[in-house]
K.L.:
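Right, I'll just put the structure down here and ask away after.
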Amino acid sequence: MSETNEKKDIVEKEFVAFPDVAADVINVLLYQGEKVANEDSLMAGPTESVYQGKKKLRNQYEDICKYKFADGAVHLMYLIANQSRTDGKMLLRKAGYTGGIYREQYEGKIKDACPVIEFVLYWGEARWRSNRSIRKMFRKKSISEKEWKYVDNLELYVFEMRRLPKETRELFESDMRIVVDFLAEGNGYRSDRKVVHKAALIKMIKVLSGDTDVDGIEDWLEEQGIREEDEIKVCELFDQYERKGRNEGRKQGRREGRKEGRREGRKEGEARRLVKDVESAMNFFKVTLEKACEGLGTTVQGYEKAREICLESEASL
């Protein structure tokens, strides 16, 4: 995995893993907004499971695992995967993840046996056209209905986060509402919603916009005197961060301008020296332009180009 994709994955995991965001995602996407899960009933679970490779045991990682407790016991396990690209074999990965969890339950590594629900948050721009069921995945195989009867029809539940309908987006109550509305409405998005997870939200918006330079955001918030517990609206936070970008852009522009000016100054100075040397040689030695250039180790074309630079500089004054 490239460093860019790794950083993006980390930001997505960090954001969705917040208990209030995870509960919100579960309730909206799985239960159409019904309050089935809440942050108090969810507990982070292990994201690693083990399977037998060709020669040795291998480990595999899911992005987010949440146990749902009821009456003091584990009631359900939710596995949440973040995907930035479509994956035609995601179904097989799901079989590995859920199979690994059930295996650990069978072996007693997990105290309470429980059902596992896995679903995918797909953040990519292209439509997810990859297979979502075992039947579709193997539809080209010559398998009879009698045979299909005994094949477990594993299904993949994928939610295209950039294309959620408005009525679904409006069900979100956490900072996820800001993210999905931003993805739907673009850079012109503004809202008076209060931001809870300020640093994580800015990072999430940046990586989903294609910018993985998310270092230093916590430092910037501290410089601005913005604490996690402070109340601040989306529009206020975005405006402040955009001003930061504009200020940095102006500073960078000035730095580049000074560099460019120095480069142009050197270029113009070298051109003037060359023209002066060539013309002095012509006058002093009474030789042609070609001879003067040859004697100074340059060409007529080089002299003419230098002269053009000098004339352009004089015309701009």
Side-chain angles (χ1 to χ4, degrees), residues 8-39 41-49 60-70 74-105 110 114-137 152-165 167-177 179-180 183-184 204 208:
K8 187 174 182 181
D9 286 348
I10 290 171
V11 169
E12 291 168 353
K13 290 177 191 177
E14 178 189 36
F15 182 75
V16 181
F18 285 111
D20 61 319
V21 176
D24 201 24
V25 165
I26 290 168
N27 289 331
V28 171
L29 298 182
L30 301 188
Y31 308 118
Q32 296 74 53
E34 184 183 349
K35 301 295 190 297
V36 173
N38 62 68
E39 53 186 293
S41 68
L42 293 178
M43 187 181 79
T47 57
E48 179 184 12
S49 59
Q60 57 189 3
Y61 294 92
E62 183 62 286
D63 288 337
I64 297 164
C65 173
K66 294 286 185 180
Y67 288 119
K68 180 177 182 288
F69 279 84
V74 176
H75 180 65
L76 272 173
M77 178 186 285
Y78 296 103
L79 298 178
I80 306 175
N82 289 293
Q83 279 289 118
S84 298
R85 296 180 298 278
T86 60
D87 184 350
K89 295 184 177 181
M90 188 71 188
L91 265 167
L92 304 182
R93 285 175 57 194
K94 174 179 178 175
Y97 290 139
T98 56
I101 295 295
Y102 286 130
R103 180 73 186 183
E104 291 186 344
Q105 292 184 14
I110 297 176
C114 64
V116 179
I117 297 176
E118 185 189 32
F119 60 101
V120 179
L121 306 182
Y122 171 57
W123 301 100
E125 295 185 10
R127 296 305 303 264
W128 185 285
R129 304 194 187 280
S130 300
N131 301 303
R132 299 190 189 211
S133 75
I134 287 293
R135 282 208 168 209
K136 287 185 178 180
M137 187 171 190
D152 293 330
N153 189 24
L154 187 68
E155 294 196 23
L156 188 66
Y157 303 102
V158 180
F159 297 93
E160 298 188 49
M161 302 303 285
R162 292 178 183 270
R163 292 180 172 82
L164 294 177
E167 55 268 27
T168 299
R169 290 189 276 118
E170 289 177 345
L171 295 174
F172 286 107
E173 298 178 352
S174 69
D175 286 348
M176 183 59 80
R177 171 69 184 275
V179 172
V180 294
L183 291 176
M204 190 70 172
L208 293 176

K.L.:
My understanding is that only residues two or more places apart in sequence, or in another chain, count here; which of them pass ring pair (Phe, Tyr, Trp, His ring centres under 6.0 Å) with F172?
P.N.:
none
K.L.:
Output the distance between atom CG (L29) and atom CG (L164), rounded to the nearest 0.5 Å.
P.N.:
6.5 Å
K.L.:
D87: which residues meet the salt bridge (charged side-chain N to carboxylate O under 4.0 Å, His left out) condition with it, sequence neighbours left out?
P.N.:
R93
K.L.:
Answer yes or no: is there a side-chain heavy-atom contact under 4.5 Å between K136 and L91?
P.N.:
no
K.L.:
Walk me through whether L183 and L208 qualify under side chain to side chain contact (heavy atoms under 4.5 Å, CB included).
P.N.:
CA-CA 8 Å; L183 291 176; L208 293 176; 4.0 Å; yes
K.L.:
Which pair of heavy atoms, one from M176 and one from D24, lies closest together, and at what distance?
P.N.:
CB-OD2, 4.4 Å
K.L.:
Just so I know, are the side chains of L76 and C114 near enough to count as touching, which here means a heavy-atom distance under 4.5 Å?
P.N.:
no
K.L.:
Please indicate whether N153 has more than 12 foreign heavy atoms, meaning atoms of other residues, nucleotides or ligands, lying under 6.0 Å from its CG.
P.N.:
yes
K.L.:
Any non-hydrogen side-chain atom of K8 less than 4.5 Å from a side-chain atom of S84?
P.N.:
yes
K.L.:
Just jot down the ring pair (Phe, Tyr, Trp, His ring centres under 6.0 Å) partners of Y122, sequence neighbours excluded, or say none.
P.N.:
W128
K.L.:
Does R127 have any salt bridge (charged side-chain N to carboxylate O under 4.0 Å, His left out) partners at least two apart in sequence or in another chain, and if so, which?
P.N.:
E160
K.L.:
Can you check whether A17's main-chain N or O pairs, donor with acceptor, with K66's side chain at less than 3.5 Å?
P.N.:
yes
K.L.:
Please name the pair of heavy atoms, one in A70 and one in H75, separated by the smallest distance, quoted to 0.1 Å.
P.N.:
CB-CB, 3.9 Å
K.L.:
Is it the case that atom CZ in R85 sees more than 12 heavy atoms from other parts of the structure closer than 6.0 Å?
P.N.:
no
K.L.:
Within a 6.0 Å radius of atom CD on E125, are there more than 12 heavy atoms belonging to other residues, nucleotides or ligands?
P.N.:
no
K.L.:
Evaluate L42 against Y67 for side chain to side chain contact (heavy atoms under 4.5 Å, CB included), listing each step before the verdict.
P.N.:
CA-CA 5 Å; L42 293 178; Y67 288 119; over 6 Å; no
K.L.:
Under the side chain to side chain contact (heavy atoms under 4.5 Å, CB included) test against L121, which residue among I64, V16, V158, D63 passes?
P.N.:
V16
K.L.:
Can you check whether V25 reaches F119 side chain to side chain, under 4.5 Å on heavy atoms?
P.N.:
yes
K.L.:
When you measure from the side chain of T98 to the backbone of K94, do you find a donor-acceptor pair of N or O atoms at a distance under 3.5 Å?
P.N.:
yes
K.L.:
Show the nearest heavy-atom pair for residues G88 and M137, with the distance to one decimal.
P.N.:
O-CE, 3.8 Å
K.L.:
Is any side-chain heavy atom of T168 less than 4.5 Å from a side-chain heavy atom of F159?
P.N.:
no
K.L.:
For D152 and I134: C-alpha separation, side-chain torsions, deciding distance, then whether side chain to side chain contact (heavy atoms under 4.5 Å, CB included) applies.
P.N.:
CA-CA 8 Å; D152 293 330; I134 287 293; over 6 Å; no
K.L.:
What's the spacing between R169 CZ and R177 CZ if we round to 0.5 Å?
P.N.:
7.5 Å
K.L.:
Rounded to the nearest 0.5 Å, what's the gap from CG on L154 to CG on L92? Could you check?
P.N.:
8.5 Å
K.L.:
Are the side chains of M204 and E12 in touch, meaning some heavy atoms are under 4.5 Å apart?
P.N.:
yes
K.L.:
Going by ring pair (Phe, Tyr, Trp, His ring centres under 6.0 Å), name the residues that satisfy it together with W123, two or more places apart in sequence or in a different chain.
P.N.:
none
K.L.:
Before you tell me yes or no, could you show the steps for I117 and Y157 under side chain to side chain contact (heavy atoms under 4.5 Å, CB included), namely the whole-Å CA-CA distance, both residues' side-chain angles and the distance that decides it to 0.1 Å?
P.N.:
CA-CA 9 Å; I117 297 176; Y157 303 102; 5.8 Å; no
K.L.:
Return each pair, listed once, that meets salt bridge (Lys or Arg N to Asp or Glu O under 4.0 Å) where at least one residue sits in residues 25-39; pairs must be two or more places apart or across chains.
P.N.:
K35-E173
K.L.:
Indicate the atoms forming the closest heavy-atom contact of L156 with N131, along with that distance.
P.N.:
CD2-O, 4.0 Å
K.L.:
Looking at Y31 and A37, would you say the former's side chain and the latter's main chain have a donor-acceptor pair under 3.5 Å?
P.N.:
no
K.L.:
Measure across E118 and A81 and return the closest heavy-atom pair with its distance rounded to 0.1 Å.
P.N.:
OE2-CB, 4.4 Å
K.L.:
Can you name the closest pair of heavy atoms from F15 and V179 and give their distance?
P.N.:
CZ-CG2, 3.6 Å
